[in-house]
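First the proteins, then the strands, lettered A, B, ... as listed; each starts at 1. Just so you know, these numbers use all the heavy atoms, side chains as well, and skip hydrogens, waters and symmetry mates.
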Amino acid sequence: MLKKFNLKYKPYGENGILIEWPNIISKNILDNISLFVTKLELEKPKFIQEFNYVYSSLLIIYNSKVINFQTIKTELESYYNSIKLSDNKAQTNCWEIPVCYDENFGIDLPEMCQTLNLTADKIIDLHSTGFYKVYGYGFLPGFLYLGGLPKAIHFPRKNIPRLHVFEGAVAIGGSQTGIYPQDSPGGWNIIGKTPIKLFDINNQKQLGIIQIGDLVKFKSVTISEFNFLSEQIEQRKYFLKKYEL
Amino acid sequence: MIEVIKAGMFSTIQDLGRFGYRKYGVPVSGAMDKISAGLANALLDNDSNDAVMEITMSGPKLRFTKETLIAISGANMQPMLNGNSILNNKVTAIAAGDILEFGKLINGLRCYLAVLGGFKTPICLESRSFYKNITIANQIKAGDSLLFQPAYNISSKKGYLKSVQFLFESIDIEVFKGPEYDKFSSKEIKKILDANLTISNHNNRMGYRLNEHIITHNKSMLTSPVLPGTVQITPNGNLVILMQDAQTTGGYPRIFQLTKKSMSIVAQKKTGDNLNFKLVHQL
C-alpha cells in the first residue's frame, strides 16, 4: 500500500497553491511528492501553468482565469488520492560528478582541517564516498539541494558571505553540500571545483538531466584530469556519467 | 534598429517573464511594474508579452535607424526626442535618425519604452527578459544594437492614456497572508502592519530590503518555493520583498504575499520611500 500523507493546501498569491507535506527532510516524503508530480505531468490538467518543489513542499502556479482556489484544491486532492504505487517512476539514476579537491580550488579546506581536526584527505574521502539525494532545484539556475552530507564534515556557513564564488565551486554550508552552477555571492565553504556545467544555456538538451529524486556521487580527480575534462566539456565531448549502483 | 549611444544607469529588455523553468531554479524575471509596461504596449496595440525596455533611475540615449512608433509609461524621466520634450503615456512617431534621451527623474523609479511590435532581442528559454547567465547581456550598454519589429504600416495612432498616478503616490501595499503567516502571533502581525516602513538602499530587481526591524523570531523552516511579491522575514527581523529576479526557493518564513497591483507600486519605489503593509483577504 502506498502511504498517503495528510497534505496542507494553502493559497499562495493570486494564482499559486502551495502543498505541504510534513516539514522534515525525508526520502519517503520526497518520493511521495515526485509520484504526485509524475501523476500531474501524465494527466496534464489544463489549469496548471508550472510548478516547482523542494524537500517537502510543492508550489503549483495555475491559470486563475479558468479555475479558482477551492476548485483547484478539490481537483488536486482527487489526483493525489488516485495515485497508485504502480505509478512509480521507472528509474532513479546516480550521476557521477568529478571534483578536483586541489588546494587551488578547495580554498576553505585548510580552515576546515584545523577546526574539525581532520586531514584534507579524510575530508575529501568523506565527501566523495557517499551518495547524495537530490531534494530539489533552487537558489540559482541548476543548483541542486543535496541531502546526505556525513555529520563529521558539517561545517557552519561563513559569517560574511564571499561576494564572488566561482562557477563549479563544490562547497559545504552547515549540513548541506552543493555546487555553484554560476559565479555568485555565497557563504558556503569551498572544498573543490567540478568541470561539469550544471546549467549550460548553450546546451539546453541537458537541462534537468539530473532529476529530483536522483542520486549524486562525487569522484575525486587530479588537477590534470580536471583540465582534461574541462577541455572535453568545452568541446562537447564529455557527457555526464551514470554511476552504476 | 536602435543604437545605444549612452546606457543610462540600468536598462534591460523585459517581457512578462520566463515561465516553465522555475523547476530548474530559473527566476521568472519580467517587467517589475507590469501595469506601466502593459500601458506602454497597449498604447501601440502590442501584445502584452511584447518586450519593452525597462529603464531604471536615469535613461539611456538612443538613436533609431528606422521609422516606428513608441510609447513610454511609468516613471516620468523627462523624455526628449531630438531635444524636444515628449509626453509619457502618448504614442510618438519616430523617424529614421531620431534621438531619444531622458532628463531628470521626476517621480517613480522605472519607466518602460515600448516600440511598435516589440523589441526583437534574442529569445532564451522562451523569453526575451534579460537575466544574467541566461541571456547574453544582463543590461544594455553603449554600442549595443537592439532590433525591433520593422513597421510596415504606421497608421497614426492618437492613443493617449492618463498616467496611473496611484503607482507613484500610494504607500499602502496590499498583502495576502503568506504560507507562514499563521506561525506569528496576532500581536506580532499587528506590530508589522502598524509600522511605517522604509525602503533600504538594498533594492534591485531581485528584492527590496526594508530598513526597520520590527520583530525578531526563531522560527525555522525547510527551504521551500518562493514567488516574486513574497515578503520574507529573517530571524533578526529583516523584511525582504522578493521581486521579479528573485530565486525560486527560500528558507525564511513567508509572512505576506503582495497583490500583483502592489508589486507594481513597490517597483516604482526607491531608497528611503515609505510604505505600510495592508492585509487584504483572498476571495
Do the side chains of A:D183 and A:H164 get nearer than 4.5 Å, heavy atoms only?
yes
ring-ring contact (aromatic ring centres under 6.0 Å, His included) assessment of A:Y145 paired with A:Y55:
CA-CA 8 Å; A:Y145 288 98; A:Y55 291 124; 5.7 Å; yes
Quick one: are the ring centres of A:F131 and A:Y243 less than 6.0 Å apart?
yes
Closer than 3.5 angstrom, by distance alone: can the side chain of [X] be matched with the main-chain N or O of [Y] as a donor-acceptor pair?
X	Y	result
B:R18	B:S129	yes
B:D15	B:R128	yes
A:Q182	A:P141	yes

What residue, out of [options], has the most heavy-atom pairs lying under 4.5 Å from chain A?
options	value
B:P179, B:G20, B:G229	B:P179
B:T248, B:T135, B:L125, B:T249	B:T249
B:N133, B:V175, B:T230	B:N133
B:T223, B:I134, B:V26	B:T223

Where on B:Y131 is there a heavy atom nearer than 4.5 Å to chain A: the side chain, the backbone, both, or neither?
side chain
Please flag which part of B:V226 lies under 4.5 Å from any non-hydrogen atom of chain A: side chain, backbone, both or neither.
both
Heavy-atom distance under 4.5 Å to chain B: side chain of [X], backbone, both or neither?
X	answer
A:Q49	neither
A:E14	both
A:L207	both
A:I25	both
A:Y135	neither

Please determine if A:K3 forms a cation-pi arrangement with A:F5, meaning its NZ or CZ atom is less than 6.0 Å from the six-membered ring centre and no more than 45° off the ring axis.
yes
Verify whether one side chain among B:Y112 and B:Q14 offers a donor that lies under 3.5 Å from an acceptor in the other.
no
